[in-house]
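Here is the structure we will look at, set down as structure tokens.
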Amino acid sequence: MGAFLGNLGMFYALLGAALAVLMAGMGSAIGVGIAGQAASGVMTEDPTKFAKVLIMQLLPGTQGLYGLLIGFIALSKIGIIGSGGVAVSAIAGLQILAACLPMGVVGLVSGKYQGKTSAASIGIIAKRPEQFGKAMLFPAMVETYAILALLISFLAITGIAL
């Protein structure tokens, strides 16, 4: 029991890194899947629109990348990647866990809704391909919130003293 309690901080920090990666990755997987269904429908009608619909399908994939980045930063902070393990108190581990949550939660939700918005924009491209630039703005607006979550998680993790 004593060894476990001695590593509780490391456990919390690893849990935070895992949640950032898992939740943001799930959001991206859901969003890319939603957009991919719409893209597939357009491709059956007009294969020449492949490049445009592919870009729209890829947009929800960024949340997973942001979650992965936060996971790497958290692992680096606790020494799993890079310099070797450092002592992580339970309080510091909980702080890292809390710092990873914005990216995880916002990545999950924004990935899903960016996929839905991308699917709607793919519908615009299907009917009016010349409106590609305008159609891209709708899912890009959802992306803004994922970037804000990335920023706050990054600042919070780097600000934690170990």
Side-chain angles (χ1 to χ4, degrees), residues 11-82 93-160:
F11 171 79
Y12 288 142
L14 289 170
L15 179 61
L19 287 174
V21 173
L22 289 170
M23 294 173 75
M26 286 171 32
S28 281
I30 292 167
V32 168
I34 292 168
Q37 291 173 5
S40 296
V42 171
M43 290 296 302
T44 60
E45 297 295 320
D46 188 356
T48 64
K49 294 178 181 156
F50 174 74
K52 290 180 179 178
V53 298
L54 178 63
I55 291 169
M56 290 296 183
Q57 185 195 9
L58 291 174
L59 285 174
T62 56
Q63 282 81 347
L65 295 174
Y66 300 157
L68 186 63
L69 178 60
I70 291 302
F72 280 137
I73 292 167
L75 293 177
S76 179
K77 180 80 173 183
I78 61 176
I80 299 287
I81 296 176
L94 284 170
Q95 289 173 333
I96 292 171
L97 170 59
C100 291
L101 286 177
M103 188 65 254
V105 173
V106 174
L108 174 63
V109 174
S110 69
K112 178 181 177 182
Y113 284 98
Q114 191 173 33
K116 290 181 176 193
T117 308
S118 290
S121 292
I122 288 168
I124 293 171
I125 292 167
K127 294 182 177 158
R128 300 184 140 215
E130 72 279 1
Q131 297 298 319
F132 174 74
K134 291 178 184 174
M136 188 181 272
L137 288 175
F138 300 121
M141 294 303 296
V142 181
E143 182 81 17
T144 303
Y145 298 97
I147 292 170
L148 293 174
L150 171 65
L151 179 62
I152 198 67
S153 285
F154 173 77
L155 292 173
I157 292 169
T158 57
I160 296 167

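- A donor-acceptor contact shorter than 3.5 Å links the side chain of T158 to the backbone of L155.
- At least one donor-acceptor pair closer than 3.5 Å links the side chain of K77 to the backbone N or O of I160.
- Y145 and Q114 share no side-chain donor-acceptor pair at under 3.5 Å.
- Within 6.0 Å of atom NZ in K112, 12 or fewer heavy atoms from other residues, nucleotides or ligands are found, so the atom counts as exposed in its surroundings.
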- Item | Worked check of side chain to side chain contact (heavy atoms under 4.5 Å, CB included) between M136 and L59 | CA-CA 9 Å; M136 188 181 272; L59 285 174; 4.1 Å; yes
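- Side-chain contact between L75 and L14 is present, with at least one heavy-atom pair separated by less than 4.5 Å.
- Using a 4.5 Å cut-off on side-chain heavy atoms (C-beta onward), V42 and I125 make no contact.
- Formation of a donor-acceptor pair under 3.5 Å by the T117 side chain with backbone atoms of P139 is not found in this model.
- Of the options V105, V21, I70, a side chain to side chain contact (heavy atoms under 4.5 Å, CB included) to C100 is made by I70 and by none of the others.
- For the atom pair L101 CG and L15 CG, the distance stands at 8.0 Å (nearest 0.5 Å).
- Summarising the local packing, CD of E45 is surrounded by 12 or fewer heavy atoms from other residues, nucleotides or ligands at distances under 6.0 Å.
- In terms of modelled atom types and a separation under 3.5 Å, the side chain of Q57 and the main chain of V32 share a donor-acceptor contact.
- Looking only at distances, a side-chain donor or acceptor of K52 sits under 3.5 Å from a matching main-chain atom of P129.
- Taken from CG in L150 to CD in Q63, the straight-line distance is 10.5 Å, to the nearest 0.5 Å.
- Without hydrogens or angle criteria, S110 side chain to V142 main chain gives no donor-acceptor distance under 3.5 Å.
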- Item | Worked check of side chain to side chain contact (heavy atoms under 4.5 Å, CB included) between M56 and F138 | CA-CA 10 Å; M56 290 296 183; F138 300 121; over 6 Å; no
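- For the pair T44 (side chain) and G41 (backbone), a donor-acceptor distance under 3.5 Å is present.
- For K49 (side chain) and A126 (main-chain N/O), a donor-acceptor pair under 3.5 Å exists by modelled atom type.
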